[in-house]
Amino acid sequence: MSFPLLTATAALPAIGAVATAAVPATRRNAAKSLALLFSLATLALAIVVLVRFDPDGGRYQLTESHSWIADFGVRYELGVDGIGVALVALTALLIPFIILAGWHDADPLETGHKRWRPTQGFFALILGVEAMVIISFEATDVFLFYIFFEAMLIPMYFLIGGFGDRAHEHGEEAASTQRSYAAVKFLLYNLVGGLIMLAAVIGLYVVAGNFSLTEIAAARANGTLHMATNTERWLFLGFFFAFAVKAPLWPLHTWLPNAMGEATTPVAVLITAVVDKVGTFAMLRFCLQLFPEASEWATPFILVLAVISIIYGALLAVGQRDIKRLVAYASISHFGFIILGIFAMTSQGQSGATLYMVNHGISTAALMLVAGFLISRRGSRLIADYGGVQKVAPVLAGTFLIGGLATLSLPGLAPFVSEFLVLVGTFERYPAIGVVATLGIVLAALYTLVLYQRTMTGPVKPEVSAMPDLRARELAVVAPLIVLLIFLGVYPKPVTDIVNPAVKQTLSDVHKKDPQPEVEAAK
């Protein structure tokens, strides 16, 4: 039997989580180093998966299939297409940077008396989330996917509620209250979405008789499985609702600014750059493949919600006083672009949406992590507490600027390519929607440049006059992300070559072809 590469890629961080949690409480540095080692080993395995994957080969590759709960047709089935393998690689790439950036985030707190926080638990939970996200990108059994889609909420709840941001304007007691509120809100929103999805998963089993994505999709394609129109639409809505909460899509987004604002910066990156991608990925893998007619039926409504997310998120980002909440609302706007590209039902739109998931993960990680380094120095998340930072910490300011320019999709940086493809794909089929969505680009330039101007330029405020520049560990976190943003901005072909065949197959599932350009006859 061939080596179960996909299982190993998900199991390795899970083993690392257990090993890290088992390190004695007095050896915090050993726990950190062990967690980093397991994350790097997972990255190495993910690279092997990426190399072994053949974009021109079968749709799902490196597949594994074993009987699990035979009486209910549940199987342990894994496989990756071009979209899944790209997101597995993104997840494995970001986790080592998240661990390095959070190196001191679970160290003891001084609050009148020394209070120890479980350092081992912090890093073990991060590795646990990585394992669950990776297997979610690999699962081709609907029930298996659902289990890990929901299970990742538990470690995320403790990461948000138990290890919150220290830079709180109202003190530690108020911060603890806000963290608890944000963690409970995150959990409740996602649990409600998950429970609705569970009902749809059961309904799918009643209709199809099994949970295998590949078998159900094949049966639908060859006509041996027929769903009544209303049944398919209700099942689609059950799946889509859960994914829209996770994504998040307006008006189901309100948990994200609270969670990102109150979590430590690395955990905020984990939320928006890694965990939330499961929602948009699942729209492509499950909604479109399992329910093609219902997806087409719901497209106009979803496109409207996506455009609202784009404009609403950008407008609220413009008015934010808190740096982390600004990035959170900007992410809501960006997820609107991703969902817009998915449901534009064009090859350019869906390729752009998939590329956007990768590029958004890198750009948001770069911007948020540099913002975290800035906040840790000043001890405040408020924009008004900064000014003139570029004169005392030019490297920090420079990396912050590049991360910000990537967020507004400046040509030459990675997000520009994906945003351009999304808009081109949308204009091809829905020109009016594309015009309105373009306003999000203008607003992105406004909130990004205003943020940089207020924090980095102008007179040096006394509180930042002695601010140190980026240290070696922080440069090791930020520099590779900046290099990737520039490289993929100039040469996105390595990613597009992987995802484009999967996108064409997804469009085939929903029986869509790209609109032909209208060319006037020569007079």
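In what follows, residues are counted from 1 in the order of the sequence shown.
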Inset, instruction - For Trp250 and Ile310, indicate whether the former's side chain and the latter's backbone hold a donor-acceptor pair under 3.5 Å. - result: no
Legend entry - Distance-only side-chain donor-acceptor flag, Ser331 / Thr272, under 3.5 Å: yes
Inset, instruction - Determine the minimum heavy-atom distance between Ala353 and Val422, stating which atoms define it. - result: N-CG2, 3.6 Å
Inset, instruction - Calculate, to the nearest 0.5 Å, the distance between atoms OG1 and CH2 belonging to Thr299 and Trp297 respectively. - result: 10.5 Å
Legend entry - Donor-acceptor pair, side chain of Thr364 and main chain of His360, under 3.5 angstrom: yes
Inset, instruction - Ignoring hydrogens and angles, tell me if any N or O in the side chain of Ser309 forms a donor-acceptor pair with the backbone of Leu249 under 3.5 Å. - result: no
Legend entry - Side-chain donor or acceptor of Gln350 paired with backbone N/O of Ile342 under 3.5 Å: yes
Legend entry - Side chain Asn359, main chain Ala414, donor-acceptor under 3.5 Å: yes
Legend entry - Minimum-distance pair of heavy atoms, taken over all atoms of Phe97 and Val477: CD2-O, 3.6 Å
Inset, instruction - Would you please classify the geometry between the Phe243 ring and the Phe286 ring as parallel, tilted or perpendicular, with 30° and 60° separating the classes? - result: tilted
Legend entry - Shortest non-hydrogen contact from Ser136 toward Phe145: O-CD1, 3.4 Å
Legend entry - Donor-acceptor contact below 3.5 Å, side chain Glu64 vs main chain Leu78: no
Legend entry - Which atom of Thr438 lies closest to which atom of Phe427, heavy atoms considered: OG1-CZ, 3.8 Å
Inset, instruction - Using only heavy-atom distances, determine whether the side chains of Asp141 and Ser212 contain a donor-acceptor pair under 3.5 Å. - result: no
Inset, instruction - Would you tell me whether Thr346 and Arg429 have side-chain atoms, one donor and one acceptor, within less than 3.5 Å of each other? - result: no
Inset, instruction - Check the side chains of Glu419 and Tyr356 for a donor-acceptor pair under 3.5 angstrom, ignoring hydrogens and angles. - result: yes
Legend entry - Proximity of His253 and Phe335 rings by center, below 6.0 Å: no
Legend entry - Ser351 side chain to Gln348 backbone, donor-acceptor under 3.5 Å: no
Inset, instruction - Decide if the gap between the ring center of Tyr157 and the ring center of Phe186 is smaller than 6.0 angstrom. - result: no
Inset, instruction - Evaluate the side-chain proximity of Leu485 to Pro415: yes if any heavy-atom separation is below 4.5 Å, no if none is. - result: yes
Inset, instruction - May I ask you to check whether Tyr76 and Trp68 place their ring centers less than 6.0 Å from one another? - result: no
Inset, instruction - Report the relative orientation of the aromatic rings in Phe211 and Phe143; use parallel for angles under 30°, tilted for 30 to 60°, perpendicular for over 60°. - result: tilted
